[in-house]
Amino acid sequence: MPLRARTLHPWGLSPHEARVLQERLAPHVIREGRLERVRRVAGVDVGFEERGRLTRAAVAVLAWPTLEPVARAVARCPTAFPYVPGLLSFREIPAVLQALEALEGPDPDLILCDGQGLAHPRRFGLACHLGLLLDRPTVGVAKTRLVGTHEEPGPRRGDWTPLRDGGEIIGAVVRTREGVRPLYVSIGHRVSLPTAVRWTLACLTRYRLPEPIRAAHRLASGPPPRLGPGA
DNA sequence: GCGACAG
DNA sequence: ATCTTGTCGC
């Protein structure tokens with residue numbers, strides 16, 4: 001059955017109302033969870049298309065552990081919320097939900113999101129917001145830092161250092177490939193930080209980004225998908 | 001006041 | 001996110 005979001009709140013909010021809502025919802029994020037019997041891992045990519053002022057979301061579902069794509073969907077919506085650092089989910093999640101609800105086949109057991117999770121000023125990044133709406137395990141995987149301080153992780157794939165803010169560990173700075181900038185991994189919902197880091201690393205191939213997110217990003221902005229012999 | 005600031 | 005310029009690896 002299709003992934004469906006709970007209606008926890010309305011979407012036509014002002015930036016101020018959005019901040020207040022984040023503070024109300026953040027305590028509901030579950031910061032633990034181990035994941036057993038993972039069969040499918042989804043990646044979510046979000047972005048803005050200046051031409052047409054559209055918010056774009058792409059989702060790819062990959063089988064575990066083969067990482068073969070089994071489902072994909074793209075959605076574009078007229079952008080209805082400004083880009084404000086810390087409020088990205090209010091701009092992007094409507095398109096993400098539209099794409100998720102169009103997916104065919106069995107639901108993913110884990111969703112890797114393009115953006116922060118707990119590594120957010122109010123501990124409620126896009127991955128937390130999406131995880132709470134769906135009540136499913138999510139992980140935030142961001143290419144650059146939003147908040148927090150950290151030391152540079154070691155040079156080898158899998159090396160990581162804690163990301164700290166306000167006296168707590170809010171994420172991990174993970175070297176996913178030698179010679180490239182690290183990624184910022186944080187809890188989204190229903191996973192522990194070690195689980196979030198483990199699955200980010202488990203989904204790596206030879207690239208900087210975990211394969212489900214790469215597949216999603218490629219879907220909307222890369223070359224057209226090559227259909228396999230079974231399609 | 002000045003810089004920082006997911007996508 | 002997007003754009004531009006310069007450098008490096010395959």
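So you know, we letter chains A, B, ... as the sequences are listed, proteins then strands, and number each from 1.
A donor-acceptor contact shorter than 3.5 Å links the side chain of Arg40(A) to the backbone of Asp107(A). At distances below 3.5 Å, at least one donor-acceptor pair connects side-chain atoms of Ser186(A) with backbone N or O atoms of Gly117(A). No donor-acceptor pair under 3.5 Å is formed between the side chain of Arg136(A) and the backbone N or O of Gly131(A). Distance alone, capped at 3.5 Å, places no donor-acceptor pair between the Asp135(A) side chain and the Leu132(A) backbone.
Residues Pro137(A) and His189(A) form no side-chain contact, since every pair of their non-hydrogen atoms from C-beta on lies 4.5 Å or further apart. Side-chain contact between Glu49(A) and Arg76(A) is present, with heavy atoms from C-beta onward closer than 4.5 Å. Between Leu21(A) and Phe90(A) there is a side-chain heavy-atom pair separated by less than 4.5 Å.
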List, with names and distances, any nitrogen or oxygen atoms from the protein found under 3.5 Å away from nitrogen or oxygen atoms belonging to nucleotides 8-10 of chain C.
none

Sub-3.5 Å pairs of nitrogen or oxygen atoms, protein against nucleotides 2-7 of chain B:
unit_1, atom_1, unit_2, atom_2, d
dC5(B), OP1, Arg145(A), NH2, 2.4
dA6(B), OP2, Tyr83(A), OH, 2.5
dA6(B), N7, Gly86(A), N, 3.1
dA6(B), N6, Gly86(A), O, 3.0
dA6(B), N6, Leu87(A), N, 3.3
dA6(B), N6, Leu88(A), N, 3.1
dA6(B), N1, Leu126(A), N, 3.1
dA6(B), N3, Gln116(A), N, 3.0
dG7(B), OP1, Lys143(A), N, 2.8
dG7(B), OP2, Thr144(A), OG1, 2.8
dG7(B), O3', Val46(A), O, 2.6
dG7(B), O3', Asp114(A), OD2, 3.1

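For Arg6(A), the CZ atom sits in a packed shell: over 12 heavy atoms of surrounding residues, nucleotides or ligands are nearer than 6.0 Å. Within 6.0 Å of atom CD in Glu17(A), more than 12 heavy atoms from other residues, nucleotides or ligands are found, so the atom counts as buried in its surroundings.
With pairs defined as Watson-Crick or G-U wobble and both atom distances under 3.5 Å, not a single stem of at least three pairs touches DNA chain B.
Checked against a 6.0 Å centroid threshold, the rings of His120(A) and His129(A) do not count as neighbours.
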